[in-house]
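Here's the structure, in structure tokens; my notes come after.
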Amino acid sequence: MDLERLQTDILILGSGGAGLFAALHAHKAAPELDITVASKGLLGKCGCTRMVQGGYNVALNPGDSVERHFMDTIEGGKWLPHQELAWTLVSAAIDRVQELENEIGCFFDRNPDGTLHGKAFAGQTFDRTVHKGDLTGIEIINRLMEQVWARPIRRLEEHRAVALVPSKDGALAGVLMIDVRTGAFRFVAAQAVLLATGGGPTMYRYHTPSGDKSMDGLAMALRAGLPLRDMEMVQFHPTGLLAGPDTRMTGTVLEEGLRGAGGHLLNGAMRRFMGDYDDKLERATRDVVSRAIDAEMRAGRTTPNGGVYIKMSHLGPAQVAKQFKGMVDRCRDCGFDLAGGLVEVVPTAHYFMGGLICRADTSTEWTGLFVAGEDASGMHGANRLGGNGVANSTVFGGIAGDVMPRWIAANPGYRAADAAVLEAEVARALDPFSRKGGNLNELREKLLDTMWDDVGVVRDRAGLARGIAALDAIEAELLATGVADDGRAFNLTWHDWLNLRSLTEISRVIALAAQKRENSRGAHYRSDFPGEGDLATSRFTVARQRPAGIEITDEPVEFTHVKPGETLLREAAE
Ligand SMILES: Cc1cc2nc3c(=O)[nH]c(=O)nc-3n(C[C@H](O)[C@H](O)[C@H](O)COP(=O)(O)OP(=O)(O)OC[C@H]3O[C@@H](n4cnc5c(N)ncnc54)[C@H](O)[C@@H]3O)c2cc1C
């Protein structure tokens with residue numbers, strides 16, 4: 001077997017906020033350890049942390065509190081979050097933001113008195129979203145990248161992880177990777193591995209996450225037999241730009257602030273329609289507005305490209321151009337006048353609340369495997385608050401970096417990889433070269449349409465059954481389709497094939513979990529079960545790969561900090 005071998009103490013998969021924070025913390029905790037960050041893209045240039053516009057939620061200013069941030073997270077998550085994880089998120093965010101400013105070198109916007117400025121974000125009872133204009137992610141990821149570069153941390157850029165590899169006795173031995181540049185297979189033996197590949201629901205017709213994300217991390221975890229939680233929970237942002245099928249700008253986010261500032265949504269008949277759905281009109285929460293737009297689209301009241309319009313001009317074009325310069329520029333690049341005219345928008349898949357089950361110290365069921373960022377589950381329950389995403393990746397990435405060296409000290413040593421598994425995984429990845437090339441683009445389009453139409457913003461029994469049947473057919477067709485060019489160096493068609501395989505596998509889990517949840521909570525809406533169900537007996541779904549197929553079960557949510565109907569806020573309780 002043609003396989004290069006490397007060895008490292010800690011292997012981190014992904015170079016977003018979670019992966020880079022883990023690397024820095026692990027190096028600080030144990031500088032003698034060899035640490036490697038492996039990433040599908042280039043360090044600092046890939047993943048979604050770089051794309052963060054809005055900001056970072058943290059309870060810093062007088063009047064706010066960790067308890068308030070926690071209650072917003074729990075209520076926003078519709079009582080499904082794992083409360084210990086949510087508590088860790090909101091309490092550790094304070095230290096992490098201070099670390100970002102004082103040790104990593106980020107500069108966030110400030111109030112005149114020098115305190116950090118917090119802006120308003122939907123679903124929160126306090127303006128706690130710390131930011132750097134609307135380019136917060138670039139500030140965070142660039143500074144993290146510089147800090148990683150300045151340390152002896154090994155980088156495997158443009159390396160795609162394809163399998164978590166066990167030893168013969170089932171311990172974690174390391175990760176099989178493909179060097180995208182050469183096409184060579186590389187087995188990286190590691191004492192501890194962090195999964196931080198960033199989730200990312202890119203299997204929907206309209207989506208926001210970066211193109212390098214194709215759910216590989218969760219697909220690997222599923223194949224390793226690990227439990228995935230809340231897989232039905234896909235967050236849609238209501239206003240993705242709709243600029244036609246020929247541009248990758250379609251699906252990218254037009255920020256929530258547009259609706260917050262007083263923007264109107266009009267259907268294709270030029271009628272303002274939000275009054276038909278919610279008293280808060282355009283300021284209703286993301287899920288409500290997404291469903292309203294979806295309903296207008298299904299009723300055929302659409303714009304030329306099949307969405308609805310956002311209109312800002314009544315607020316004064318000059319004011320809009322000043323307040324939303326970045327958005328106005330983005331729309332102009334696509335031929336739309338946001339300040340003075342109309343822009344076509346559509347709901348767009350934005351964030352994945354589901355993921356690998358973990359403890360508050362980021363450890364998982366498989367000893368030696370840790371998880372952080374959007375690959376992990378439980379922090380957000382049925383809905384993620386805007387601003388809690390980057391807080392999640394940086395908080396838990398840092399925790400993983402603290403914990404992994406301690407774990408290695410207590411469990412030292414490498415485990416020899418099971419040669420049969422390694423061989424089978426290499427064969428699995430090379431499988432498409434054994435057949436004639438086919439039309440991958442057509443298959444991808446089928447996947448995007450299936451997920452959009454049948455497992456999307458609004459679901460029901462018939463649609464989910466149809467979606468699952470279509471996913472089975474797509475997978476069968478994919479497995480019968482090859483890659484024409486058999487050169488492995490920078491063979492992007494091969495990687496498209498591998499992307500599609502991960503996306504199809506995880507899409508099926510999303511659909512099956514959505515079938516299992518017979519109520520409507522947060523981002524998951526079933527038109528045949530529109531009620532949210534009894535909060536006090538809330539359950540979360542768990543998906544596992546079994547020999548006979550995917551098994552979906554559910555388990556009760558433990559209300560370890562607060563029960564439905566109660567609050568941790570003293571003034572509200574009194
Ligand atoms: C447009 C946009 C705007 C957003 N705005 C906000 C906001 O304002 N506030 C907020 O809190 N959150 C926001 N989010 C969400 C937030 O960006 C993410 O939740 C968070 O950054 C995820 O961090 P992460 O480290 O888990 O993953 P990412 O930053 O996405 O990094 C994932 C990494 O994994 C790598 N990878 C993927 N597959 C593999 C593989 N097979 N092998 C090796 N490496 C792999 C990728 O290349 C990348 O390096 C936004 C997201 C988007 C898309």
Side-chain angles (χ1 to χ4, degrees), residues 16-18 21 47-49 51-61 64-97 100 108 116 118-131 134 136-137 140 196 198-201 208-209 229-230 233-237 253 255-257 260 285-287 349-355 358 360 362 371-399 521-523 561-562 568:
F21 247 103
C48 290
T49 304
M51 298 165 81
V52 166
Q53 300 165 353
Y56 190 121
N57 288 345
V58 56
L60 277 181
N61 289 326
D64 201 5
S65 66
V66 168
E67 286 79 5
R68 184 176 286 281
H69 187 182
F70 177 76
M71 287 309 301
D72 286 346
T73 301
I74 299 298
E75 282 171 359
K78 305 292 173 198
W79 294 90
L80 282 193
H82 182 299
Q83 295 199 353
E84 191 54 37
L85 292 175
W87 182 260
T88 305
L89 166 65
V90 299
S91 51
I94 297 174
D95 278 353
R96 201 62 87 240
V97 155
L100 275 165
F108 296 122
L116 285 180
K119 64 171 149 178
F121 248 32
Q124 306 203 57
T125 57
F126 198 89
D127 297 352
R128 64 167 72 90
T129 308
V130 165
H131 61 108
D134 57 5
T136 312
I140 291 176
T208 68
R229 172 181 172 139
D230 295 332
M233 297 299 176
V234 181
Q235 182 172 64
F236 289 84
H237 194 293
V253 167
E255 68 160 276
E256 199 149 284
T285 51
R286 285 180 182 178
D287 51 334
H350 187 45
Y351 186 90
F352 198 59
M353 276 77 72
C358 64
T362 73
V371 65
E374 208 173 316
D375 274 347
S377 64
M379 297 75 182
H380 313 293
N383 231 333
R384 171 189 68 100
L385 297 180
N388 267 0
V390 64
N392 175 47
S393 55
T394 54
V395 160
F396 287 98
I399 292 174
R521 285 280 178 106
H561 288 58
V562 62
L568 296 188

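Scope of the values below: all heavy atoms of this structure, side chains included, with no hydrogens, waters or symmetry mates. Computed from a predicted model, the values in this text were never measured in an experiment.
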Exercise for review: Could you walk me through whether Val395 and Phe21 pass side-chain contact (heavy atoms from CB on, under 4.5 Å), step by step?
Suggested key: CA-CA 8 Å; Val395 160; Phe21 247 103; over 6 Å; no

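Considering OG1 of Thr362 and CG of Leu85, their distance stands at 10.0 Å, rounded to 0.5 Å. Once rounded to the nearest 0.5 Å, the distance linking CD1 of Ile399 with CG of Leu89 reads 9.0 Å. Once rounded to the nearest 0.5 Å, the distance linking OG1 of Thr88 with CE of Met379 reads 8.0 Å. Note that NZ of Lys78 is 6.5 Å distant from CG of Asp287, once rounded to the nearest 0.5 Å. The structure places NE2 of His350 at 12.0 Å from CZ of Phe236, a figure rounded to the nearest 0.5 Å. Note that CD1 of Ile74 and CG of Asn383 are 12.5 Å apart. Values are rounded to the nearest 0.5 Å.
For the residue pair Arg384 and Met353, the shortest heavy atom distance occurs at N-SD, 3.7 Å. In terms of heavy-atom proximity, Ala349 sits nearest to Pro201 at CB-O, 3.6 Å. In terms of heavy-atom proximity, Gly55 sits nearest to His131 at CA-CB, 4.2 Å. The shortest heavy-atom contact between Ala372 and Gly397 is CB-N, 3.7 Å. The two atoms that bring Asn57 and Ala391 nearest to each other are O-CB, 4.0 Å, heavy atoms only. Closest non-hydrogen pair, Cys358 versus Val371, comes out as CB-CG1, 3.4 Å.
Side-chain contact check for Val52 versus Ile140: every heavy-atom pair is 4.5 Å or farther apart. For the pair Val234/Phe352, a side-chain contact is recorded, criterion being any heavy-atom separation below 4.5 Å from C-beta on.
One N or O on the side chain of Thr49 and one on the backbone of Gly17 form a donor-acceptor pair closer than 3.5 Å. Judged by distance alone, the side chain of Ser377 and the main-chain N or O of Gly355 form a donor-acceptor pair under 3.5 Å. Distance alone, capped at 3.5 Å, places no donor-acceptor pair between the Gln235 side chain and the Ala523 backbone. The closest donor-acceptor contact from the side chain of Arg96 to the backbone of Thr394 lies under 3.5 Å. Between the side chain of Lys119 and the backbone N or O of Gly54, at least one donor-acceptor pair lies under 3.5 Å. Using a distance-only test at 3.5 Å, with no hydrogens or angles considered, a donor-acceptor pair links the side chain of Thr136 to the main chain of Gln53. Put simply, the side chain of Gln83 gets close to the backbone of Val562: a donor and an acceptor are under 3.5 Å apart.
For the residue pair Asn388/His69, the side-chain donor-acceptor check at 3.5 Å is satisfied.
For the pair Arg68 and Phe126, the cation-pi test (distance below 6.0 Å, angle within 45°) is failed.
Results of the side-chain contact (heavy atoms from CB on, under 4.5 Å) test with Arg128 over Val58, Asn61, Asp72, Leu60 single out Asp72 as the only residue that passes.
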